[in-house]
Amino acid sequence: MDELLEILNDLHPEIDYESEEALLDDGILDDDDIDTIVTEVQENFDVTIDLDDVTPANFNSARSIYALIESLSE
């Protein structure tokens with residue numbers, strides 16, 4: 001999780017990713033941010049994120065992104 005938080009903090013250090021639960025729903029992250037996160041996660045965690053996986057359920061919080069990473073790693 002720490003590695004993911006580093007990726008997220010590099011994008012927007014002003015956001016408290018450990019408590020924020022509506023990154024997409026509230027428009028905190030834009031399309032460019034999502035593209036960067038997907039690319040960084042794929043490179044750092046050796047997973048493939050399909051376009052179908054890029055949903056608010058998977059990207060509204062750091063915990064949900066990490067849960068996606070864990071499910072793709074299995």
Side-chain angles (χ1 to χ4, degrees):
M1 181 75 157
D2 290 338
E3 190 173 355
L4 174 60
L5 289 173
E6 283 182 37
I7 292 168
L8 296 172
N9 281 317
D10 284 345
L11 284 174
H12 295 286
E14 72 281 3
I15 297 170
D16 179 6
Y17 290 101
E18 294 189 54
S19 65
E20 182 59 57
E21 297 286 331
L23 294 170
L24 288 184
D25 287 342
D26 288 349
I28 295 168
L29 298 177
D30 63 23
D31 290 341
D32 290 335
D33 295 330
I34 296 300
D35 288 344
T36 300
I37 293 167
V38 168
T39 300
E40 292 287 326
V41 164
Q42 290 183 136
E43 290 175 2
N44 288 290
F45 292 93
D46 195 31
V47 295
T48 300
I49 299 175
D50 293 326
L51 188 57
D52 293 340
D53 294 325
V54 182
T55 64
N58 290 331
F59 281 83
N60 257 335
S61 69
R63 281 188 293 283
S64 63
I65 298 169
Y66 195 72
L68 174 63
I69 293 166
E70 287 182 321
S71 72
L72 294 173
S73 296
E74 296 174 351

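Below, all heavy atoms of this structure are taken into account, side chains as well, without hydrogens, waters or symmetry copies.
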Worksheet item: For the side chain of Q42 and the backbone of I49, is there at least one donor-acceptor N/O pair under 3.5 Å apart?
Response: yes

Item to complete: Go through D53 and T48 one step at a time and tell me if the side chain to side chain contact (heavy atoms under 4.5 Å, CB included) criterion holds.
Response: CA-CA 10 Å; D53 294 325; T48 300; over 6 Å; no

Worksheet item: Does any pair with a residue in residues 41-51 pass salt bridge (charged side-chain N to carboxylate O under 4.0 Å, His left out), and if so which ones, sequence neighbours excluded?
Response: none

Worksheet item: Hey, what do you get for CD1 (I15) to CG (N9), rounding to the nearest 0.5 Å?
Response: 8.5 Å

Worksheet item: Can you list every pair that meets salt bridge (charged side-chain N to carboxylate O under 4.0 Å, His left out) and has a residue in residues 26-35, with sequence neighbours left out?
Response: none

Worksheet entry | 4.5 Å side-chain heavy-atom contact, F59 and L23 | no

Anything under 3.5 Å between a donor and an acceptor, one on a side chain of residues 63-74, the other on a protein residue two or more places apart or in another chain? List them.
residue : atom : partner : partner atom : Å
R63     : NH1  : E18     : O            : 2.9
R63     : NH2  : E21     : OE2          : 2.1
S64     : OG   : N58     : O            : 3.2
S64     : OG   : N60     : N            : 3.4
S64     : OG   : S61     : N            : 3.1
S64     : OG   : S61     : O            : 2.9
S64     : OG   : S61     : OG           : 3.2
S71     : OG   : L68     : O            : 2.9
S73     : OG   : I69     : O            : 2.8

Response to the item:
Tightest non-hydrogen contact, residues I28 and H12, listed as O-NE2, 4.3 Å

Practice prompt. Kindly compute the distance separating OG1 (T36) from CD1 (I7), expressed to the nearest 0.5 Å.
Written response: 10.5 Å

Fill in: L4 vs Y17 side-chain heavy atoms within contact, under 4.5 Å
no

